[in-house]
Trainee: 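Below you'll find the structure I mean.
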There are 2 protein chains.
Amino acid sequence: MARMNPDDRREAIIEATLEVVRRRGIGGTTVRDVAAELGTSSGLIHHYYASMDELLAQAFARVAGDDLDAVVAAVRAEVTPLDQLRAVLDAYSRSEDPDGMQVWLDAWSEAARRPELQQRSRELNEQWQQLLSTLLRTGVESGQFVVTDVDAAAWRILAILDGLLLQVVAHADVITRAQADQWAREAVEREVGISAGSLTQSEGRMSPSSNA
Amino acid sequence: MARMNPDDRREAIIEATLEVVRRRGIGGTTVRDVAAELGTSSGLIHHYYASMDELLAQAFARVAGDDLDAVVAAVRAEVTPLDQLRAVLDAYSRSEDPDGMQVWLDAWSEAARRPELQQRSRELNEQWQQLLSTLLRTGVESGQFVVTDVDAAAWRILAILDGLLLQVVAHADVITRAQADQWAREAVEREVGISAGSLTQSEGRMSPSSNA
DNA sequence: ACGCCTATTGCGCATTCGTCCAATAAGGCT
DNA sequence: AGCCTTATTGGACGAATGCGCAATAGGCGT
């Protein structure tokens, strides 16, 4: 393999790792698989990542961090809390392919056995929690939302979204994604005390990138 | 180890497997671990279960079925829909040790790659869904619950409970179990249109006038 | 009491894993 | 050109895995 800039190499390794993880799952990913996917040797992987645990944690942090960044950007692009909340749900519902969501399930499952993964997962969860909490708080302060306990509401919304993701990934053909998405929206509407349908997708307002 | 009736031995192996799975997770369970837990040899395990996959699948089917049976029994023991709903939440919140819940996460994660697990997981999910749906329907018919879409409500409740389970298992020290449990109860109360506190687990049926 | 069936043992085999390391090659610098 | 840093290789190593198998022992029918 051609010599490469260290930063680019690290990046390439992460991408190759994610490709394998999507196919085999976190628990089924080996160093040799990643090396083969990249077309290099296994030793090179360890030259850049001290342990397999660290590599998997960084790969997960990468894909999860991208998701979070996308949502943060989508929220920042809106002004009213209602539009921001809708942006969060839109981003969540159209977030990548089903294989990408499988990574989350794997991460939660493997967190108990991989310390670094658990640490990353926890950090990201807290950031989601904070994003939603501040969003709800501004909505309450401006009088658009009616929420008695902001933290509790933020947590419940996260639980609903995680539950949606779980059902769609694990039991794909029992529940359609669109249906789950709609039901999640109704739950959130009730949670923040706005009228039904307020959060329905793209109501007179189209998101800039419509393709997936 | 003393010679044992084949049926009893198979049962003992399943129980030992579950004990190990609760501690190490599905992916981290080995034949030797099960044998050690049982106090026998690894060869014995293979004498009764042809492969490790078969053993794990049967063990999961067993524990998941037990959980469901326990909830069904708890529901049957109550008469009013409100008490039944409370029974479901009680059973869910006190279902075994936190380590036992790790099994569900593992199962969901591996479902995508192991057809037997996915099939079993799907069946159980549908049974939970049906249990909740009929429970809610009778509550609506008797006028105690106010629910516009029973199926949607049942699904949302399941999503909340799964989300609760997920957070507690994956991020144990970020959120306390009691707190998550309380928040889930509040969500369910809102979902079925009953006053706050109605589902608080307490032996004495308090009048639904207490606040949070 | 004897013999047969099989539950049970304990080790070995082949494989695969993460990790490590000495050797090699590539490319920038003087 | 020569050198020197380091990206890259490819295999070795030890541990751990699922599984197979020959040997052992416990107990029931006769």
Side-chain angles (χ1 to χ4, degrees), chain A residues 1-21 23-60 106-107 109-120, chain B residues 1-21 23-60 106 109-110 113-117:
Chain A
M1 206 61 183
R3 201 183 173 95
M4 201 180 267
N5 175 289
D7 289 339
D8 294 341
R9 181 55 82 190
R10 290 181 68 92
E11 173 67 22
I13 292 177
I14 289 289
E15 284 181 3
T17 302
L18 286 178
E19 191 58 35
V20 177
V21 163
R23 205 180 312 130
R24 304 252 197 279
I26 290 183
T29 298
T30 74
V31 177
R32 287 168 176 80
D33 286 339
V34 175
E37 174 73 25
L38 200 57
T40 66
S41 62
S42 68
L44 184 65
I45 311 297
H46 279 95
H47 182 65
Y48 288 95
Y49 296 93
S51 72
M52 191 62 188
D53 202 9
E54 179 191 343
L55 174 59
L56 290 174
Q58 299 239 6
F60 170 70
D106 289 342
S109 170
E110 291 266 336
R113 288 177 288 278
R114 296 186 185 271
E116 303 209 24
L117 247 188
Q118 181 168 37
Q119 175 71 12
R120 297 279 180 208
Chain B
M1 205 59 182
R3 201 185 174 95
M4 204 179 263
N5 176 289
D7 289 339
D8 293 342
R9 180 56 82 191
R10 289 181 71 91
E11 172 66 22
I13 292 177
I14 289 288
E15 285 181 3
T17 302
L18 287 178
E19 191 58 36
V20 176
V21 163
R23 205 180 312 132
R24 305 252 197 279
I26 288 183
T29 298
T30 74
V31 179
R32 285 168 176 79
D33 286 339
V34 175
E37 174 70 27
L38 201 55
T40 67
S41 63
S42 69
L44 185 65
I45 311 298
H46 280 97
H47 182 66
Y48 287 96
Y49 295 92
S51 72
M52 191 64 188
D53 276 2
E54 179 191 343
L55 174 58
L56 289 175
Q58 299 233 8
F60 170 70
D106 291 341
S109 168
E110 300 228 352
R113 285 176 288 274
R114 294 170 67 159
E116 327 163 316
L117 259 184

Trainee: Pairs in or reaching into residues 2-13 of chain B: which pass side chain to side chain donor-acceptor pair (under 3.5 Å), with residues at least two apart or in two chains?
Mentor: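 Residue pairs passing side chain to side chain donor-acceptor pair (under 3.5 Å), neighbours aside: B:Glu11-B:Arg62.
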Trainee: Taking protein heavy atoms under 4.0 Å as touching, what does nucleotides 9-21 of chain D look like 5' to 3' if B marks base contact, S marks sugar-phosphate-only contact and - marks none?
Mentor: BBBB----BBB--
Trainee: For B:Gln58, check side-chain hydrogen bond (donor to acceptor under 3.5 Å, both in side chains) against everything at least two apart and list the hits.
Mentor: none
Trainee: Any pair with a residue in residues 35-52 of chain A that passes side chain to side chain donor-acceptor pair (under 3.5 Å), sequence neighbours left out, goes on the list, sorted by first then second residue, please.
Mentor: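 Those involving residues 35-52 of chain A are A:Arg23-A:Glu37.
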Trainee: Return the set of residues passing side-chain hydrogen bond (donor to acceptor under 3.5 Å, both in side chains) with A:Asp53 (not counting sequence neighbours), or none when no residue passes.
Mentor: none
Trainee: Rounded to the nearest 0.5 Å, how far does CE of A:Met52 lie from OG1 of A:Thr30?
Mentor: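 It is 6.0 Å, given to the nearest 0.5 Å.
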Trainee: Can you name the nearest heavy-atom pair linking A:Asp106 to A:Gly25, along with the distance?
Mentor: OD2-CA, 3.3 Å
Trainee: Do A:Ile26 and A:Leu117 have side chains that approach each other closer than 4.5 Å (heavy atoms only, starting at C-beta)?
Mentor: yes
Trainee: Residues in side-chain contact (heavy atoms from CB on, under 4.5 Å) with A:Ala111, at least two apart?
Mentor: A:Gln118
Trainee: Using Watson-Crick and G-U wobble pairs with both distances under 3.5 Å, what is the 5'-to-3' dot-bracket string of DNA chain C, with [ ] for crossing pairs and | for pairs outside the strand?
Mentor: ||||||||||||||||||||||||||||||
Trainee: Counting only non-hydrogen atoms, which of residues 7-21 of chain A are less than 4.0 Å from DNA chain D?
Mentor: A:Arg9
Trainee: Looking at B:Ile13 and B:Val34, what are the two nearest heavy atoms and their distance?
Mentor: O-CG1, 4.2 Å
Trainee: First contact, last contact: which nucleotides of DNA chain C are these for chain A, 5' to 3', heavy-atom distance under 4.0 Å?
Mentor: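 Boundary nucleotides touching chain A, in 5' to 3' order, are C:dC17 to C:dG27.
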Trainee: Is any side-chain heavy atom of B:Thr17 closer than 4.5 Å to a side-chain heavy atom of B:Ile45?
Mentor: no
Trainee: Could you state the atom-to-atom distance from CZ of B:Arg3 to P of D:dG26 in whole Å?
Mentor: 10 Å
Trainee: Taking all non-hydrogen atoms of both residues into account, name the closest pair between A:Ala16 and A:Leu38 and its distance.
Mentor: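 Residues A:Ala16 and A:Leu38, closest heavy atoms: CB-CD1, 3.9 Å.
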Trainee: Test side-chain contact (heavy atoms from CB on, under 4.5 Å) on A:Leu56 and A:Val21 and set out the steps.
Mentor: CA-CA 9 Å; A:Leu56 290 174; A:Val21 163; 4.2 Å; yes
